[in-house]
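This is a predicted model, so every value here is computed, not measured. Chain A is the first sequence line, chain B the second, and so forth, proteins listed ahead of strands; every chain is numbered from 1.
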Amino acid sequence: MNLVLDVALATALTVLAWRSLAGPDLFRGIVMYVVFGMVMAVAWARLGSADLAMAEAAIGAGVTGALVMVAYWRLRRIAPVEPADPSPRRSRLAATVAVLSAGVVAAIGLAAVQAIGPGGIAGRALVEALPATGLGNPITGVLVIFRNLDTVLEVAVLLAAYLAVRALLGDGGESLAQPPTQRGTLVAALVSVVAPMTVLVAVYLWRAGSQWPGGAFQAGAVLAACGVLLFLTGRLRPAVEAGPVVRAALVLGTAAFGVLGVAMLFVGQPLLAIPGSWAVYLIEAAMMVSIGVTLALLFAGAAGVGGGRR
Amino acid sequence: MTPATLGSATVWVLAAAAVFGVGLYALILARHLLRQLLAVKVMGSAVFLLLVVAAGPIDGALDGIPMALVLTGIVVAVSAVGFALALLVRLADVTGSISLEDDGGGDDGP
């Protein structure tokens with residue numbers, strides 16, 4: 001029975017990957033890609049990782065889908081003559097290369113499954129070291145304590161992506177998420193209920209992340225979703241310049257992690273040592289804000305935000 | 001709950017391989033850059049899946065380290081997508097084309 005479920009999900013993933021990438025209609029492909037991301041989230045849940053399921057649904061499917069969709073409409077405005085995918089290339093080698101690569105991936109995976117057996121050495125060490133940290137969620141333990149240099153650099157990558165996008169698009173951001181011309185009567189009421197609830201969910205995910213599934217990335221993605229909603233309904237307007245608050249929010253994650261990590265050197269601790277669970281909460285809160293603001297601004301293609309019409 | 005058996009690990013490895021193959025096939029054949037980007041994202045998902053499944057479970061739960069790596073990977077991937085889309089929009093702005101090829105036509109690709 002369990003195996004049937006696995007096979008069904010695995011087949012669905014493969015078929016959806018194919019449906020999102022084949023066929024002439026690009027818009028349909030993007031929608032199928034979002035569905036692929038959602039099924040991927042179900043697959044993570046099936047594999048037993050609620051953290052990855054949430055991150056995949058919120059970031060992999062949600063934010064990525066929104067980014068790609070916005071870029072699609074923008075491209076249509078720039079080059080309206082080619083809305084559909086141009087006819088695919090003809091190549092006799094493509095199928096061979098793809099099948100051979102899939103074979104290599106399968107061989108690597110099957111060899112790894114049989115060679116490592118139940119759990120790697122580092123994974124075992126994680127299980128043994130986790131109780132001493134006071135955290136209950138091993139992923140948060142790895143991200144914030146055991147391998148936190150990766151996480152600092154990851155937040156820095158997000159910041160670098162924002163800066164790179166700004167450098168490329170310059171002042172063109174305003175043409176993107178223009179406020180809707182007509183507004184439904186229900187939209188305002190809906191937003192005023194949904195937006196605070198979204199923030200509440202984000203704060204819950206942040207708070208839960210040290211013990212249960214959740215954490216800064218999922219919480220940040222939910223915040224970003226709130227930002228996307230506010231941009232789409234015209235409550236927030238893209239601005240050409242980032243105000244001081246937005247700038248502070250953008251660097252908050254990197255700064256909090258970096259300053260705290262370097263400060264530990266002065267009290268005789270190693271670089272990036274984490275002094276206690278309060279520091280985990282602090283760093284995760286800072287990362288949540290940075291991730292949320294950066295992803296929302298990437299969506300809007302804007303440097304900052306201005307207040308919209310109510 | 002967790003698929004500890006070798007049988008279901010094999011199923012997931014094969015799924016990752018199939019999804020990777022589909023992504024690579026589409027990456028080679030597609031001309032539209034947006035679709036090529038989606039193909040790379042699909043290949044990335046396959047790699048994430050392989051990374052987590054190949055590590056195997058510990059005491060009935062999944063190994064936390066590859067999961068943390070994949071969580072990091074998901075966020076880095078969305079940053080890369082944001083940057084790639086900006087490059088793409090800029091390219092279309094400057095050249096009016098959404099493909100990396102010259103519009104000479106007639107060539108059958110690599």
Taking every heavy-atom pair that is under 4.5 Å apart, which of [options] has the most such pairs with chain A?
| options | value |
| --- | --- |
| B/Leu87, B/Leu34, B/Leu27 | B/Leu34 |
| B/Leu49, B/Val52, B/Leu88, B/Leu51 | B/Leu49 |
| B/Leu38, B/Leu24, B/Leu85, B/Ile74 | B/Leu38 |
| B/Val47, B/Thr72, B/Val19 | B/Thr72 |
| B/Ala18, B/Ala46, B/Gly44, B/Ser45 | B/Ser45 |
| B/Val76, B/Val81, B/Val89 | B/Val89 |

Among the options [options], pick out the one with the most heavy-atom pairs lying under 4.5 Å from chain B.
| options | value |
| --- | --- |
| A/Pro138, A/Gly60, A/Ala95 | A/Ala95 |
| A/Leu100, A/Val68, A/Asn137, A/Val99 | A/Val68 |
| A/Leu52, A/Leu295, A/Val127 | A/Leu52 |
| A/Ala164, A/Ala94, A/Ala55 | A/Ala94 |
| A/Leu168, A/Val165, A/Ile30 | A/Leu168 |

Is chain A contacted by the side chain of [X], its backbone, both, or neither, given a heavy-atom distance below 4.5 Å?
| X | result |
| --- | --- |
| B/Leu14 | side chain |
| B/Ala39 | both |
| B/Val53 | both |

Would you give the length of the straight line joining atom [atom1] of [X] to atom [atom2] of [Y], rounded to the nearest 0.5 angstrom?
| X | Y | atom1 | atom2 | value |
| --- | --- | --- | --- | --- |
| B/Ser79 | A/Leu298 | OG | CG | 7.0 Å |
| A/Met40 | B/Phe48 | CE | CZ | 8.5 Å |
| A/Leu21 | B/Arg35 | CG | CZ | 6.5 Å |
| A/Leu75 | B/His32 | CG | NE2 | 6.0 Å |
| A/Arg77 | B/Asp93 | CZ | CG | 11.0 Å |

Chain B heavy atoms under 4.5 Å from [X]: which part of the residue, side chain, backbone, both or neither?
| X | answer |
| --- | --- |
| A/Gln218 | side chain |
| A/Leu158 | both |
| A/Ala160 | neither |
| A/Thr14 | both |
| A/Ala22 | backbone |

For the residue pair [X] and [Y], what are the closest heavy atoms and their distance?
| X | Y | answer |
| --- | --- | --- |
| A/Ser49 | B/Met67 | OG-SD, 3.0 Å |
| B/Ala15 | A/Ala10 | CB-CB, 3.4 Å |
| B/Ala9 | A/Val113 | CB-CG1, 4.0 Å |
| A/Gly109 | B/Leu50 | CA-CD1, 3.6 Å |
| A/Leu169 | B/Ala86 | CD2-O, 3.9 Å |
| A/Ser101 | B/Phe20 | CB-CE2, 4.0 Å |

Residue pairs passing the salt bridge (charged side-chain N to carboxylate O under 4.0 Å, His left out) test with at least one member in residues 66-90 of chain B, sequence neighbours excluded, are none
Assess the residue pair B/Val70 and A/Trp44 against the criterion (side-chain contact (heavy atoms from CB on, under 4.5 Å)); give the C-alpha distance rounded to whole Å, side-chain angles, the decisive distance to 0.1 Å, and a yes or no. CA-CA 11 Å; B/Val70 168; A/Trp44 289 128; 4.2 Å; yes
Just wondering, do B/Trp12 and A/Leu13 contact through their side chains at under 4.5 Å, heavy atoms? yes
Considering only heavy atoms from C-beta outward, does the side chain of B/Phe83 approach that of A/Tyr162 to under 4.5 Å?
-> no
* Considering residues at least two apart in sequence or located in another chain, which fulfil the salt bridge (Lys or Arg N to Asp or Glu O under 4.0 Å) criterion with A/Arg147? ->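 Testing A/Arg147 for salt bridge (Lys or Arg N to Asp or Glu O under 4.0 Å), a comparison that skips the adjacent residues, returns A/Asp150.
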